[in-house]
Asker: 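Handing you this structure, nothing more for now.
Numbers here are sequence positions counted from 1. One-based numbering, in listed order, for ligands and for the atoms of each. Worth saying up front: this structure is predicted, and the values here are computed from it rather than measured.
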Amino acid sequence: MTADVPTISLSSGTSIPQLGFGVFLVDPADTQRVVEDALEVGYRHIDTATGYNNEAEVGAALHASGIPREEIFITTKLRNDHHKSRDVEGAFSRSLEALGLDHLDLYLIHWPMPDNDFYIDTWRTFETFHADGRAKAIGVSNFLVPHLARLIAETDIVPAVNQVELHPIFQQQELKTFQATHDIVTEAWGPLGQGKYDLFGMEPITSAATAHEVSPAQVVLRWHLQTGNVVIPKSNSKNRMAENFDVFGFKLTDSEMAQIDALDENRRVAGNPADIN
Ligand code: NAD
């Protein structure tokens with residue numbers, strides 16, 4: 001299967017495929033198979049993290065696929081305990097080694113852990129990874145507006161991306177507006193609500209699915225793409241991977257988009273980053 005997945009320009013000068021594949025909670029024993037399936041389906045953007053304990057298996061799948069490195073976009077993230085123990089350089093090198101890569105396309109601070117007050121210092125180390133070419137782009141995850149504002153004021157490079165919880169129930173409007181003014185791309189994690197809501201049984205998602213003869217999950221992903229989010233759904237099932245990738249053959253109407261926009265309850269399904277330290 002092939003599809004022309006749009007790319008979004010990053011302030012780093014590189015670009016990111018707007019639809020990727022996430023591997024949170026994919027068991028290491030299954031990860032190589034799952035990522036090989038995703039690559040076969042057509043995904044060329046894989047999102048992992050040191051904290052997912054499956055970087056080596058992601059790397060094994062990349063190498064087994066034979067797909068040229070420059071055709072695949074790889075993100076991983078600094079694990080909280082390495083952030084806290086100030087082992088940033090070591091953690092980055094070990095991630096590259098586990099993945100079997102000489103550079104990443106995107107390296108993220110996984111959580112700001114604001115009470116520890118390390119993220120400015122950590123970011124300065126991230127800037128060196130970008131300067132020496134080992135991270136083509138650097139970004140953050142789970143940063144709130146005050147964390148971003150401080151980073152922008154006190155360091156040299158504006159994060160290319162902020163990867164945050166975002167789905168129809170929690171649309172992050174204030175954060176998105178701030179990010180748009182600073183050329184920070186919004187990447188949605190938990191784009192399907194992590195299965196914690198009955199999003200797929202909810203109007204107007206079900207009506208749009210019927211109207212376009214697609215599944216509710218495809219409607220939700222299409223909504224993300226049309227709002228400009230980068231999106232990284234996860235599934236262990238190759239059928240669902242294919243379903244989630246097949247979202248370029250229809251377009252939601254302005255009215256359907258507005259009705260899904262109206263589902264926003266500004267409510268998280270996961271923890272508040274201010275409280276994770
Ligand atoms: P998600 O919203 O992608 O939901 C995954 C769940 O939806 C799984 O249970 C899956 O079985 C189900 N699902 C997938 N496709 C489906 C379909 N077509 N129909 C019905 N059910 C379907 O949640 P997620 O995995 O937490 O988020 C996606 C990715 O975001 C992760 O894999 C990870 O890479 C990233 N992530 C990042 C952070 C962070 O702190 N930066 C946190 C969580 C996730």
Asker: Is any side-chain heavy atom of V35 closer than 4.5 Å to one of T48?
Answerer: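 No, too far: nothing below the 4.5 Å cut-off.
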Asker: Contact between ligand 1 and G190 is defined here as a heavy atom of the residue under 4.0 Å from a ligand atom; is it met?
Answerer: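 It does; at least one heavy atom falls under 4.0 Å.
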Asker: Is any side-chain N of the basic residue among D87 and R94 closer than 4.0 Å to the acidic one's carboxylate O?
Answerer: yes
Asker: At a non-hydrogen distance cut-off of under 4.0 Å, which region of K234 contacts ligand 1 (side chain, backbone, both, or neither)?
Answerer: both
Asker: In the complex you have, is atom 23 (O) of ligand 1 within reach of the protein, judged by whether a heavy-atom distance drops under 4.0 Å?
Answerer: yes
Asker: Mind checking whether L108 contacts ligand 1 via backbone (N, CA, C, O), side chain (CB onward), both or neither, at a 4.0 Å heavy-atom cut-off?
Answerer: neither
Asker: State whether the shortest distance between N or O atoms of A188 and N or O atoms of ligand 1 falls below 3.5 angstrom.
Answerer: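 It does not: no N or O of A188 is found under 3.5 Å from an N or O of ligand 1.
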Asker: Is any side-chain heavy atom of H63 closer than 4.5 Å to a side-chain heavy atom of L101?
Answerer: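 With C-beta onward as the side chain, the pair touches.
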Asker: For atom 31 (C) of ligand 1, what's the nearest protein heavy atom and its distance?
Answerer: F24 CB, 3.3 Å
Asker: Is it true that R44 and D105 make a salt bridge, defined as a side-chain N closer than 4.0 Å to a carboxylate O?
Answerer: no
Asker: Is the closest N or O pair between L192 and ligand 1 shorter than 3.5 Å?
Answerer: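 Right, the criterion is met.
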Asker: Mind checking whether D4 and F248 have side chains closer than 4.5 Å, heavy atoms only?
Answerer: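 In short, these two side chains do not touch, never coming nearer than 4.5 Å.
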Asker: Would you say S235 and ligand 1 have an N/O pair spaced under 3.5 Å apart?
Answerer: no
Asker: Suppose we measure from atom 29 (C) of ligand 1 to each protein heavy atom; which comes out shortest, and what is that distance?
Answerer: I232 O, 3.1 Å
Asker: Any carboxylate oxygen within less than 4.0 angstrom of a Lys/Arg side-chain nitrogen, looking at K234 and D47?
Answerer: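 No, this pair does not count.
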Asker: To check your reading of the model: name the closest protein heavy atom to atom 4 (O) of ligand 1, its residue, and the distance in Å.
Answerer: Q194 CA, 3.5 Å
Asker: Can you tell me which residue and heavy atom of the protein come closest to atom 18 (N) of ligand 1, and the distance to 0.1 Å?
Answerer: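 Ranking protein heavy atoms by distance from atom 18 (N) of ligand 1, first comes N244 OD1, 2.9 Å.
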Asker: Report yes or no: does Y52 have a heavy atom closer than 4.0 Å to ligand 1?
Answerer: yes
Asker: Please tell me if the side chains of R222 and V214 come closer than 4.5 Å, counting only heavy atoms from C-beta onward.
Answerer: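 With C-beta onward as the side chain, the pair stays apart.
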Asker: Any side-chain heavy-atom pair from K176 and Q171 closer than 4.5 angstrom?
Answerer: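 Counting from C-beta outward, K176 and Q171 never come under 4.5 Å.
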Asker: Which atoms of ligand 1 are found less than 4.0 Å from any heavy atom of D47?
Answerer: 33 (C), 34 (O), 35 (C)
Asker: Within ligand 1, which atoms have a heavy atom of H110 less than 4.0 Å away?
Answerer: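 That gives atoms 39 (C), 40 (O), 41 (N) of ligand 1.
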Asker: So is there a nitrogen or oxygen of P191 less than 3.5 Å from a nitrogen or oxygen in ligand 1?
Answerer: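 Yes, since at least one N or O of P191 sits under 3.5 Å from an N or O of ligand 1.
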Asker: So is P233 polar-close to ligand 1, meaning N/O to N/O under 3.5 Å?
Answerer: no
Asker: Any idea which part of V23 is under 4.0 Å from ligand 1, heavy-atom wise: side chain, backbone, both or neither?
Answerer: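 Just the backbone.
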Asker: Name the closest protein heavy atom to atom 16 (C) of ligand 1, giving the residue it belongs to and the distance to 0.1 Å.
Answerer: R240 CD, 3.6 Å
